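From a predicted model like this one, the values you see are computed outputs, not experimental measurements. Below, each value reflects all heavy atoms present in this structure, side chains not excepted, and no hydrogens, waters or symmetry copies.
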Amino acid sequence: STGCWVIDIIYTRGHQDAVNTFYLPKSNGATPGAYPTTVSDTFLPKNFPCGSDGYDPNNPTWKYTGCCLRQFLDEYRPVGEFEDFLFDPNFDAVCNASAPREAPQSGDVFNVPVAATFGIVKGLNLSVVEDSPMIAPGVFAAKLKIDEWELKNRAGMVDPASSILRTKVETFVGMANFVPTDYSFLDSSASQI
């Protein structure tokens, strides 16, 4: 390990049935200053692939169903175990072949005995979200430890003007909150800081 960034996080779970996960960007070591828009766009919270705002039951889109989770997993680095909680073995086939109206019930997408909030960050070997005790009723703490090399090469965008002595890295920590329903609609929200 080449060093470690430690971030203390205070959060609430939201809805009692919510599935929460922390996540980082996925930059995959692009050349500084030459990050594709598929990477840089993920740094804007408005581009998060899942959402509840603007839902129209007469004109559903993938953004409002459990099928948005594939794009989430493709574009971000959630806690690695989050992906393990996707339940439907035919998830990709169903989401690629159906219209949004025919998406699986979002409650069927997850098999979640506990929130997939803690553990090693997907695609990183040394960066981890650690559990801390509840600090007040409904208020929880977590500690995110990000390896410096992984931050620069896998979870951040390095400023091309950086030098050996001073490196500027743009990154964020996100928290996604997904509430499964008995319908195809997946109630979801995310924040990034």
Side-chain angles (χ1 to χ4, degrees), residues 1-14 18-51 68-86 110 112-136 138-178 188-193:
S1 175
T2 58
C4 188
W5 290 88
V6 178
I7 301 169
D8 289 313
I9 303 167
I10 306 295
Y11 69 98
T12 60
R13 282 197 60 212
V19 177
N20 299 303
T21 189
F22 293 105
Y23 62 93
L24 296 172
K26 185 188 287 187
S27 62
N28 291 331
T31 303
Y35 294 92
T37 56
T38 55
V39 171
S40 59
D41 283 354
T42 65
F43 280 68
L44 302 172
K46 71 178 185 175
N47 292 329
F48 190 76
C50 303
C68 72
L69 295 171
R70 177 55 53 212
Q71 185 177 352
F72 170 65
L73 293 171
D74 289 345
E75 294 179 356
Y76 298 90
R77 293 187 183 283
V79 172
E81 292 166 2
F82 178 82
E83 188 169 19
D84 296 340
F85 287 111
L86 291 179
F110 290 107
V112 188
V114 295
T117 309
F118 308 106
I120 294 174
V121 178
K122 179 184 174 191
L124 306 179
N125 296 320
L126 302 170
S127 300
V128 63
V129 179
E130 296 177 345
D131 190 6
S132 295
M134 181 169 48
I135 57 176
V139 180
F140 302 89
K143 189 176 295 284
L144 172 61
K145 295 179 178 179
I146 308 173
D147 177 75
E148 186 172 343
W149 185 91
E150 290 179 343
L151 174 66
K152 290 178 184 177
N153 294 284
R154 299 285 184 249
M157 294 191 300
V158 176
D159 186 320
S162 295
S163 67
I164 293 174
L165 299 175
R166 184 179 169 120
T167 302
K168 182 179 177 184
V169 180
E170 184 178 349
T171 193
F172 63 83
V173 177
M175 182 174 182
N177 179 285
F178 303 104
S188 58
S189 62
S191 60
Q192 296 175 188
I193 54 168

| message | Leu69 vs Phe178, test: side chain to side chain contact (heavy atoms under 4.5 Å, CB included). Steps then yes/no. | response | CA-CA 10 Å; Leu69 295 171; Phe178 303 104; 3.6 Å; yes
| field | Geometric class of the Tyr76/Phe48 ring pair [parallel <30°, tilted 30-60°, perpendicular >60°] | value | tilted
| said: For Phe118 versus Glu130, what's the shortest heavy-atom pair and its separation? | reply: CD2-C, 3.7 Å
| remark: Here the gap from Asn177 atom CG to Thr12 atom OG1, rounded to the nearest 0.5 Å, amounts to 8.0 Å
| field | Whether over 12 other heavy atoms sit under 6.0 Å from Ile193 CD1 | value | no
| said: Within the structure provided, determine whether Leu24 and Val173 are in side-chain contact (heavy-atom separation under 4.5 Å). | reply: yes
| message | As an exercise, state the distance from SG of Cys50 to CZ of Arg70, rounded to the nearest 0.5 Å. | response | 11.5 Å
| remark: For Glu75 and Lys26, the nearest pair of non-hydrogen atoms, with its separation, is O-CB, 3.5 Å
| What are the two closest heavy atoms between Ser127 and Asp147, and how far apart are they? | OG-N, 3.0 Å
| field | Val158/Lys168 under side chain to side chain contact (heavy atoms under 4.5 Å, CB included): CA gap, chis, key distance, verdict | value | CA-CA 6 Å; Val158 176; Lys168 182 179 177 184; over 6 Å; no
| query | Using the ring of each side chain (for Trp, its six-membered ring), is Tyr11 parallel, tilted or perpendicular to Phe22, with breaks at 30° and 60°? | reply | perpendicular
| What are the two closest non-hydrogen atoms of Val169 and Gly156, and how far apart are they? | CG1-CA, 3.9 Å
| task | Please identify each residue that fulfils side chain to side chain donor-acceptor pair (under 3.5 Å) with Asp8, with sequence neighbours left out. | result | Lys143
| message | Please evaluate residues Trp5 and Glu148 with respect to the criterion side chain to side chain contact (heavy atoms under 4.5 Å, CB included), reporting the C-alpha separation (whole Å), side-chain torsions for both, the decisive distance (0.1 Å), and the verdict. | response | CA-CA 7 Å; Trp5 290 88; Glu148 186 172 343; 4.1 Å; yes
| task | Could you walk me through whether Ile146 and Val128 pass the side chain to side chain contact (heavy atoms under 4.5 Å, CB included) test, one step at a time? | result | CA-CA 7 Å; Ile146 308 173; Val128 63; over 6 Å; no
| said: Nearest 0.5 Å, please: how far is CG in Leu151 from CG in Leu124? | reply: 9.5 Å
| said: Which label fits Phe43 and Phe172: parallel for a plane angle under 30°, tilted from 30 to 60°, or perpendicular past 60°? | reply: perpendicular
| said: Quick check: do Met134 and Val139 have side-chain heavy atoms less than 4.5 Å from each other? | reply: no
| said: For the CE atom of Met175 and the CD1 atom of Ile9, what is their distance to the nearest 0.5 Å? | reply: 8.5 Å
| Can you list the residues that meet the side chain to side chain donor-acceptor pair (under 3.5 Å) rule with Tyr23, with sequence neighbours excluded? | Gln192
| query | Quick one: does Val19's side chain get under 4.5 Å of Phe82's, heavy atoms only? | reply | yes
| field | Heavy-atom closest contact (Ala141 atom, Ile135 atom, distance) | value | CB-CG2, 4.1 Å
| said: Could you work out, with side chain to side chain donor-acceptor pair (under 3.5 Å) as the rule, every residue matching Thr42, not counting sequence neighbours? | reply: none
| query | Considering only heavy atoms from C-beta outward, does the side chain of Pro78 approach that of Val121 to under 4.5 Å? | reply | no
| remark: For Arg13 and Ala18 the tightest heavy-atom approach is NH2-O, 2.6 Å
| message | Keeping Arg77 on the side-chain end and Ser27 on the backbone end, is there a donor-acceptor pair under 3.5 Å? | response | no
